[in-house]
2 protein chains.
Amino acid sequence: MYSYTEENYLKAIYKLQEKNNDAINTNSIARVMSTTAASVTDMIKKLSDKKLLEYQKYKGVQLTESGKKTAIETVRKHRLWETFLHNKLNFLWDEVHDIAEQLEHIQSQTLIDKLDEYLGFPTHDPHGDPIPERNGIIKTSNYVLLSDMTLEKEGIISGVVNHSSLFLQHLQKIELTLGRLVKVIEINAFDLSLSIQLDKDQKIQISNEVARNILMKTK
Amino acid sequence: MYSYTEENYLKAIYKLQEKNNDAINTNSIARVMSTTAASVTDMIKKLSDKKLLEYQKYKGVQLTESGKKTAIETVRKHRLWETFLHNKLNFLWDEVHDIAEQLEHIQSQTLIDKLDEYLGFPTHDPHGDPIPERNGIIKTSNYVLLSDMTLEKEGIISGVVNHSSLFLQHLQKIELTLGRLVKVIEINAFDLSLSIQLDKDQKIQISNEVARNILMKTK
DNA sequence: AATAATTTTTAGTCTTGTCTAAAATTTTTT
DNA sequence: AAAAAATTTTAGACAAGACTAAAAATTATT
Ligand SMILES: [Mn+2]
Ligand SMILES: [Mn+2]
Ligand SMILES: [Mn+2]
Ligand SMILES: [Mn+2]
């Protein structure tokens, strides 16, 4: 249906729109796509012609319903493939993203349906991100940053803000992985670093930088 | 490493070379690639520059070791993905080829290694074609055409010559699937159609056209 | 050996997606 | 409100991969 490149642009614009309500400007798209503003202008004209987004010169862009639908489909494919790579092929959570960037462009609705079923209709990918449903609905939860949790508060590690390999590998090393129960024992006033208890037994120290990138589900 | 298109050309030339020992000419490549002779000339110049094949104007092409290696890697990926689609996702044997045509271009050696292991190091794909090993070795068997089998001879259905959906669906319908034991009961002199016995109990009639496209393993 | 038919290559054009440099517009600063 | 800075668009060019039409080379036929 749409090219590899078009899908990547739509996905990038969709993700920018998620955290930024107003129209998306050319430079921010160029930044996340690692390309030039001129190339972005070229592409958004094409996407606008195809009614995938609304574009006014110098005013930025906004996805149409059709553009958003396509973007969400690509995100769904990406996260299902990440889940496959992690759950079935035993890739670590920091290794799945780059391969899924390729796999998300494979075109076959049946393939995605069957993959979804094979994986047992997962709701979240290996990073805790929600997998959009077939109909485009995304069930989001309200998570709180570990850095925003108050003393003695408990929660389950449910996602990450930063998706870089470096950060994911660090979490893996200190065993701060999805699903673990965390209780805030101490908040150090000087550097806002935390002492936390993991699953009742283990006790570790983490920096505020780390805590600011972990999403928690609390009761 | 190489583009989607380059990989497809190398694979096509490799397959032509398999059944035709001498140099491969432009038109035959154009035919299997469903493109024009002019486009083929353009591409073989590029592949020649990259030392993937040897090319002399008007004399056709021949893959170099490097070109052959790349082609075999692509065939390996194609057949492993077909096996995944069939064995794990329950696609029928006539549905896997088109999707594997896309999946074979995903670039990640680790992915292929892990997929191979996950599938239990399969030796043949859903059509009975051998899966090249990681080192490029292809273990071929000598099969005989069902149409060449003599009266009372027994064998196991082990592959197909024609890979079209139409033919594969037909075999599925008459239950002539891989692994079934077949015995030739009668050869009709008029049209060379066969009466065959399937797994001791069932007896069916098949045309010579069908028999000529089935590969048998005999003792 | 000359002619006809076939095959292959070249020339020129197109589309997609990219780039740099320059021009136009908008936003910020004075 | 003008000038300066930043952003965005346009213009022109390029590479990959494809196509058509015409020219060149090879092969087959007489
Ligand atoms: Mn990802
Ligand atoms: Mn993810
Ligand atoms: Mn196939
Ligand atoms: Mn096959």
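These numbers come from the heavy atoms of this one structure, side chains and all, not from hydrogens, waters or symmetry mates. Reminder, nothing fancy here: chain letters follow the sequence lines and each chain counts from 1.
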- Task: Output, in order, the C-alpha distance, side-chain angles, deciding distance and verdict of side chain to side chain contact (heavy atoms under 4.5 Å, CB included) for A:Val210 and A:Leu171.
- Result: CA-CA 9 Å; A:Val210 164; A:Leu171 291 188; 4.1 Å; yes
- Message: Between A:His105 and A:Tyr4, does the ring pair (Phe, Tyr, Trp, His ring centres under 6.0 Å) criterion hold? Intermediate values first, please.
- Response: CA-CA 6 Å; A:His105 302 291; A:Tyr4 189 106; 4.1 Å; yes
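Within the structure, the salt bridge (charged side-chain N to carboxylate O under 4.0 Å, His left out) test picks out the following pairs touching residues 10-19 of chain A (sequence neighbours left out): A:Lys11-A:Glu101, A:Lys11-A:Glu104. Applying the salt bridge (charged side-chain N to carboxylate O under 4.0 Å, His left out) rule to pairs touching residues 48-66 of chain A yields A:Glu6-A:Lys50, sequence neighbours excluded.
Taking a heavy-atom distance under 4.0 Å as the criterion, the stretch of DNA chain C touched by chain A extends 5' to 3' from C:dG17 to C:dT26.
B:Glu133 pairs in a salt bridge (charged side-chain N to carboxylate O under 4.0 Å, His left out) with only one of the listed residues (B:Lys139, B:Arg76, B:Arg79), which is B:Lys139.
Side-chain atoms of A:Ser28 and A:Asn25 form a donor-acceptor pair, as typed in the model, at a separation below 3.5 Å.
At whole-Å resolution of the value, CG in B:Leu10 and P in D:dG17 are 11 Å apart. What separates CD of B:Glu6 from C1' of D:dG17 is a distance of 10 Å, to the nearest Å.
DNA chain C lies under 4.0 Å from at least one heavy atom of each of the following residues of residues 30-50 of chain A: A:Thr35, A:Thr36, A:Ala38, A:Ser39, A:Asp42, A:Met43, A:Lys46. Residues from residues 51-60 of chain A placing a heavy atom under 4.0 Å of any atom in DNA chain D, listed by number, are A:Tyr55, A:Lys57, A:Tyr58.
In summary, A:Arg134 and A:Asp113 engage in a salt bridge, as defined by a charged side-chain N under 4.0 Å from a carboxylate O.
At distances below 3.5 Å, not a single donor-acceptor pair connects side-chain atoms of B:Ser34 with backbone N or O atoms of B:Ala30.
Under the rule for a side chain to side chain contact (heavy atoms under 4.5 Å, CB included), the partners of B:His127 that lie at least two apart in sequence or sit in another chain are B:Glu82, B:Trp93, B:Val96, B:Asp125, B:Asp129, B:Val160, B:His163, B:Leu168.
Note that B:Lys69 lies outside the cation-pi zone of B:Tyr14, set by a 6.0 Å cut-off to the ring centre and a 45° limit from the axis.
Among the atoms of the strands shown, none is found under 4.0 Å from any heavy atom of B:Tyr4.
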